[in-house]
Engineer: 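If you scroll down you'll find the structure; I have some questions about it.
Basis for what follows: all heavy atoms, side chains included, without hydrogens, waters or symmetry-related copies. Here the structure is a predicted model, which is why all the values come from computation and not from measurement.
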Amino acid sequence: MLQIQLLRENPQEVIDRLKIKNFDATDLVAEIRQLDTDNRNLKKSLDDNLMEQNRGAKEIGMLFKEGKREEAEGLKARMAELKEAEKTGRAKLQELEELLQAKMVLLPNLPNAAVAPGKGAEDNEIVYTEGDATNMGPDALPHWDLVKKYDIIDFELGNKITGAGFPVYKGKGARMQRALIDFFLDSAIEHGFTEIQPPYMVNEDSAYGTGQLPDKEGQMYHCQVDNFYLIPTAEVPVTNIYRDVILKESDFPLKNCAYSACFRREAGSYGKDVRGLNRLHQFDKIEIVVIEHPDRSYETLEKMTNYAKSLLTKLGLPFRVLRLCGGDISFTSALTYDLEVYSKAQQKWLEVSSVSNFESYQANRLKLRYKDATGKTKLAHTLNGSALALPRVLAAILENYQTDKGIVVPEVLRPYTHFDIID
RNA sequence: GGAGAGAUGGCCGAGUGGUCGAAGGCGCACGCCUGGAGAGCGUGUAGGCGCCAAAAGCGCCUCCUGGGUUCGAAUCCCAGUCUCUCCGCCA
């Protein structure tokens, strides 16, 4: 959520910058400003009422003590009037506040100045490429054939047990998963991240705190009996650690990493992109989450992106980095880099990481703040990124490392897999 | 699942109708003291919102949450949530 002060002080800037995200905020901003004014006026009159009541109550106490009964009774009558006005004022204020809040969450985060305008994925800017992204011969198999050939992932079985999008990893497939998780976690720890094992279900407050609610409700699995949500990413529980927290400046940066299974309903995605490991309802991911001082968050974004890049380099996968354009960047992000690996058999770029700076947008909802040098409380900045999401990394490894003899395990993973080929 | 106890500031803990945003202690910060440290002494130490150009100042709200009683609620009543203990079940 944006800070309302921004709309008070500089509404035009908000409108202009949101244009980059192809979002026309003109009417919404006007509406919010009106609501905000009404809200403050009402609050003022309610406060005045309450002040009179507070004073009156004290006075009545005094009057009774002094034995001035009639005077006290007279005041009581006045109090009854005030109370009546208070009731209507309160109801109206609550209504206004809820409406204001509901409108505020409709405003996306402002994009950073580096975000280029654009319609969609095709307008993203390639800022870096690495490795050999040429295609393999016509004999190269896509991973959904490879996993059958070597019997390491069983989609049919997942179908039987649960449904589409819940694959079963078997034998060396399962061990590859475990190796990747360990490799990613160990690397993150080496880079100064603290490992967290979060809950896989969160309550409503947490889902709201990171912005999954009220918007993306349909994207999460909901456990209705207890009103819990299955996490779509570890970002949700890990960031919510800091909900309602006030940090010291010296606490920055807070660097956490977490492995978790992620659950996504993916309502509305069909077609060829969902084939094999490309899009699943349950998948594994290592997430890095950083809470940072506003002055340093962009520096940190670069570091996080570089860190994610280093993982792909070590795995020997060709990849590129995109700076997302206004049309493709998420609602809540100010600047996002996507990392895509090249899958030689599918002849396609696959997104394996997305690293974003949310600036204070998430922090505002989370009430995640810090005290600055002068003792003022201010909103912190939050950042997160995948480092990395497993299924597509695995898909790329399987495809790019296939040989006549089997799938060669990338060097860095061998200490974790304890085997060097899948055959 | 059954029975009971509880929820107060960063923490511990007092407070059962008004002068309580809240004693006292711990912690923390600053100052004095010291060669330095400790001890000791002193001062300060929640958050949100509004009025104000801003600071100062003033006002409102917050003692788990939401209602209620009352002129007045941390304190009384109702509902809910959470935590703890015991029993049962269980990886």
Side-chain angles (χ1 to χ4, degrees), chain A residues 1-11 32-104 197 199-209 213 223-229 237 240-252 254 261 291 360 363-380:
Chain A
M1 198 162 60
L2 293 175
Q3 292 176 263
I4 191 124
Q5 294 91 296
L6 210 56
L7 301 204
R8 288 180 192 153
E9 287 159 17
N10 224 333
I32 288 171
R33 296 195 68 202
Q34 185 59 50
L35 284 171
D36 181 44
T37 310
D38 294 349
N39 191 45
R40 284 146 87 189
N41 290 338
L42 191 57
K43 165 113 173 94
K44 178 87 179 87
S45 68
L46 185 63
D47 278 1
D48 289 344
N49 175 317
L50 290 172
M51 176 174 67
E52 196 179 339
Q53 288 196 58
N54 287 339
R55 298 219 166 125
K58 271 181 197 158
E59 204 175 331
I60 288 170
M62 302 277 278
L63 290 172
F64 271 120
K65 220 175 254 175
E66 293 165 19
K68 297 177 180 165
R69 256 202 115 73
E70 308 93 81
E71 257 180 83
E73 292 301 330
L75 245 184
K76 273 194 186 180
R78 171 70 185 144
M79 300 296 271
E81 275 170 42
L82 286 170
K83 219 168 176 186
E84 207 41 53
E86 180 201 331
K87 223 171 237 175
T88 51
R90 235 183 237 285
K92 184 87 183 115
L93 186 68
Q94 196 187 338
E95 200 181 300
L96 264 177
E97 269 169 0
E98 276 167 15
L99 192 57
L100 183 59
Q101 178 78 1
K103 295 289 177 187
M104 280 301 288
Q197 280 202 19
Y200 288 5
M201 287 192 179
V202 295
N203 58 28
E204 244 179 312
D205 286 350
S206 296
Y208 183 81
L213 292 180
C223 177
Q224 299 194 351
V225 248
D226 296 302
N227 199 20
F228 292 151
Y229 293 87
N240 270 284
I241 292 173
Y242 305 101
R243 173 153 46 85
D244 289 319
V245 166
I246 298 176
L247 300 162
K248 296 187 293 256
E249 266 191 323
S250 58
D251 291 332
F252 294 122
L254 283 157
I291 315 295
S360 62
N364 195 22
R365 276 207 194 185
L366 288 164
K367 298 201 171 59
L368 163 49
R369 293 161 295 179
Y370 70 97
K371 271 198 201 298
D372 74 5
T374 66
K376 279 214 159 177
T377 29
K378 291 187 175 158
L379 293 171

Engineer: Using the test side-chain contact (heavy atoms from CB on, under 4.5 Å), find all partners of A:T377 that sit at least two apart in sequence or belong to another chain.
Structural biologist: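 For A:T377 the side-chain contact (heavy atoms from CB on, under 4.5 Å) partners, ignoring immediate neighbours, are A:I246, A:K371.
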Engineer: Assess whether side-chain contact (heavy atoms from CB on, under 4.5 Å) is satisfied between A:E52 and A:R78, documenting all intermediate values.
Structural biologist: CA-CA 10 Å; A:E52 196 179 339; A:R78 171 70 185 144; 3.0 Å; yes
Engineer: For a quick test of reading the model, state the closest non-hydrogen atom pair linking A:I291 to A:F252 and the distance between them.
Structural biologist: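 Nearest pair, atom of A:I291 first, then A:F252: O-CD2, 3.5 Å.
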Engineer: Pair A:D48, A:S45 - check side chain to side chain donor-acceptor pair (under 3.5 Å), show working.
Structural biologist: CA-CA 5 Å; A:D48 289 344; A:S45 68; over 6 Å; no
Engineer: For a quick test of reading the model: is some side-chain N or O of A:K76 closer than 4.0 Å to OP1 or OP2 of B:G72?
Structural biologist: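 No, A:K76 has no side-chain N/O under 4.0 Å of OP1/OP2 on B:G72.
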Engineer: When the P atoms of B:A39 and B:G25 are considered, how many whole Å apart are they?
Structural biologist: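 Pairwise P distance, B:A39 against B:G25, rounds to 16 Å.
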Engineer: For residues A:G56 and A:M79, report the shortest heavy-atom separation together with the two atoms involved.
Structural biologist: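 Result for this residue pair: C-CE, 3.8 Å.
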Engineer: Can you tell me how far P in B:C60 sits from the matching atom in B:A22, rounded to whole Å?
Structural biologist: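 Result for the P pair: 13 Å, nearest Å.
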Engineer: For RNA chain B, determine which residues of residues 32-39 of chain A have any heavy atom closer than 4.0 angstrom to one of its atoms, and list them numerically.
Structural biologist: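 Heavy-atom cutoff 4.0 Å gives no residues at all.
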Engineer: What residues, two or more places apart in sequence or in another chain, satisfy ring-ring contact (aromatic ring centres under 6.0 Å, His included) together with A:F228?
Structural biologist: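 A:F228: no ring-ring contact (aromatic ring centres under 6.0 Å, His included) contacts found.
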Engineer: Tabulated below should be each protein N or O lying under 3.5 Å from an N or O of nucleotides 47-49 of chain B; please produce it.
Structural biologist:
from  : atom 1 : to     : atom 2 : distance (Å)
B:G47 : OP1    : A:K371 : NZ     : 2.0
B:G47 : O3'    : A:R369 : NH1    : 3.3
B:G48 : OP1    : A:R369 : NH1    : 3.0
B:G48 : OP1    : A:T377 : OG1    : 3.1

Engineer: Just jot down the salt bridge (charged side-chain N to carboxylate O under 4.0 Å, His left out) partners of A:R55, sequence neighbours excluded, or say none.
Structural biologist: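 Scan of A:R55 (salt bridge (charged side-chain N to carboxylate O under 4.0 Å, His left out), adjacent residues dropped) gives none.
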Engineer: If the condition is ring-ring contact (aromatic ring centres under 6.0 Å, His included), which residues does A:Y242 pass it with, not counting sequence neighbours?
Structural biologist: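 Partners of A:Y242 under the ring-ring contact (aromatic ring centres under 6.0 Å, His included) test: none.
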Engineer: Taking the P atom in each of B:C63 and B:A23, what is the distance between them to the nearest angstrom?
Structural biologist: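 Between the two P atoms, the distance is 15 Å.
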Engineer: Heavy atoms only, 4.0 Å cut-off, all strands: where does A:L75 land among base, sugar-phosphate and nothing?
Structural biologist: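 Nothing, no heavy atom under 4.0 Å.
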Engineer: Measure the distance from NZ on A:K248 to C1' on B:G10 and round it to the nearest whole Å.
Structural biologist: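 Interatomic distance, NZ of A:K248 to C1' of B:G10: 9 Å.
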Engineer: Determine the Euclidean distance between corresponding C1' atoms of B:U85 and B:C30; express it in Å to zero decimal places.
Structural biologist: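 44 Å, rounded to whole Å.
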Engineer: Under the side-chain contact (heavy atoms from CB on, under 4.5 Å) rule, what do A:N227 and A:N203 come out as? Steps first, then yes or no, please.
Structural biologist: CA-CA 7 Å; A:N227 199 20; A:N203 58 28; over 6 Å; no
Engineer: Report the secondary structure of RNA chain B in dot-bracket form, marking unpaired bases with a dot and bases paired to a different strand with |, and treating Watson-Crick or G-U pairs with both distances under 3.5 Å as paired.
Structural biologist: ((((((((.[[[..)..(.....]]]((((((.......))))))((((((.....)))))).[[[[[..)....]]]]])))))))....
Engineer: Judged by each residue's nearest nucleotide on RNA chain B, which is more toward the 5′ side, A:I4 or A:A80?
Structural biologist: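 First, find each residue's nearest nucleotide; the 5'-ward one identifies A:I4.
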Engineer: For nucleotides B:G4 and B:A79, find the distance between their P atoms and express it as a whole number of Å.
Structural biologist: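 Each nucleotide's P atom is 14 Å from the other's.
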Engineer: For A:N54, enumerate each residue passing the side chain to side chain donor-acceptor pair (under 3.5 Å) test, keeping only those at least two apart in sequence or located in another chain.
Structural biologist: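 By the side chain to side chain donor-acceptor pair (under 3.5 Å) rule, A:N54 matches no residue at all.
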Engineer: I need the CG-C1' distance between A:D48 and B:G59, as an integer number of Å.
Structural biologist: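 Rounding to the nearest Å, CG of A:D48 and C1' of B:G59 are 8 Å apart.
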Engineer: Scan nucleotides 66-68 of chain B against the protein and return all N/O pairs shorter than 3.5 Å with their distances rounded to 0.1 Å.
Structural biologist:
none

Engineer: Over how many whole Å does the gap from A:K58 atom NZ to B:G17 atom P extend?
Structural biologist: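 Rounded to the whole Å, the gap is 19 Å.
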Engineer: Determine which pairs satisfy salt bridge (Lys or Arg N to Asp or Glu O under 4.0 Å) with at least one residue from residues 91-100 of chain A, sequence neighbours left out, and list them in order.
Structural biologist: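 As it turns out, there is no salt bridge (Lys or Arg N to Asp or Glu O under 4.0 Å) pair with a partner in residues 91-100 of chain A once direct neighbours are skipped.
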Engineer: Using the side chain to side chain contact (heavy atoms under 4.5 Å, CB included) definition, which of the options A:L247, A:L379, A:I241, A:L254 pairs with A:L368?
Structural biologist: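 That would be A:L247; it is the only one of A:L247, A:L379, A:I241, A:L254 passing the side chain to side chain contact (heavy atoms under 4.5 Å, CB included) with A:L368.
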Engineer: Could you check whether A:N54 gets within reach of a base, just the sugar-phosphate, or nothing at all, counting any heavy atom under 4.0 Å?
Structural biologist: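 Sugar-phosphate contact only - A:N54 comes under 4.0 Å of backbone atoms but never of a base.
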Engineer: In whole Å, what is the span from the CG atom of A:N227 to the P atom of B:C82?
Structural biologist: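 To the nearest whole Å, that distance equals 11 Å.
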Engineer: With sequence neighbours left out, write down each residue that passes side-chain contact (heavy atoms from CB on, under 4.5 Å) with A:L99, or none if nothing qualifies.
Structural biologist: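 Applying side-chain contact (heavy atoms from CB on, under 4.5 Å) to A:L99 gives A:L35, A:K103.
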Engineer: Starting at CG of A:L50 and ending at P of B:C58, how long is that distance when rounded to a whole Å?
Structural biologist: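 Spelled out: CG on A:L50 to P on B:C58 is 19 Å.
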Engineer: Roughly how many Å apart are B:G47 and B:C64, using the C1' atom of each and rounding to a whole number?
Structural biologist: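 It comes out at 16 Å once rounded to the nearest Å.
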Engineer: Sequence neighbours left out, what passes side chain to side chain donor-acceptor pair (under 3.5 Å) with A:Q34? Give chain and number order.
Structural biologist: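 Only A:D38 meet the side chain to side chain donor-acceptor pair (under 3.5 Å) criterion with A:Q34.
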Engineer: Rounded to whole Å, how long is the line connecting atom CD of A:E59 with atom P of B:U19?
Structural biologist: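 One finds 15 Å between P of B:U19 and CD of A:E59, rounded.
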Engineer: Expressed in angstrom and rounded to an integer, what is the separation of A:K83 atom NZ from B:U70 atom P?
Structural biologist: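 Between P of B:U70 and NZ of A:K83: 7 Å.
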Engineer: State whether A:E86 and A:K83 are salt-bridged, where the test is any N-O pair (Lys NZ or Arg NE/NH1/NH2 against Asp/Glu carboxylate O) under 4.0 Å.
Structural biologist: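 No, no charged N to carboxylate O under 4.0 Å.
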Engineer: Of the listed nucleotides (B:C71, B:C51, B:G59), which one gets closest to any side-chain atom of A:M79?
Structural biologist: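 The listed nucleotide nearest to A:M79's side chain is B:C71.
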Engineer: Whole angstroms only, please: what is the CG-P distance between A:N49 and B:C71?
Structural biologist: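 Roughly 16 Å, once rounded to whole Å.
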Engineer: How far, in whole Å, is B:U45 from B:G10 if one measures between their C1' atoms?
Structural biologist: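 About 10 Å, rounded to a whole number of Å.
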Engineer: Taking the C1' atom in each of B:G67 and B:G59, what is the distance between them to the nearest angstrom?
Structural biologist: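 Result for the C1' pair: 26 Å, nearest Å.
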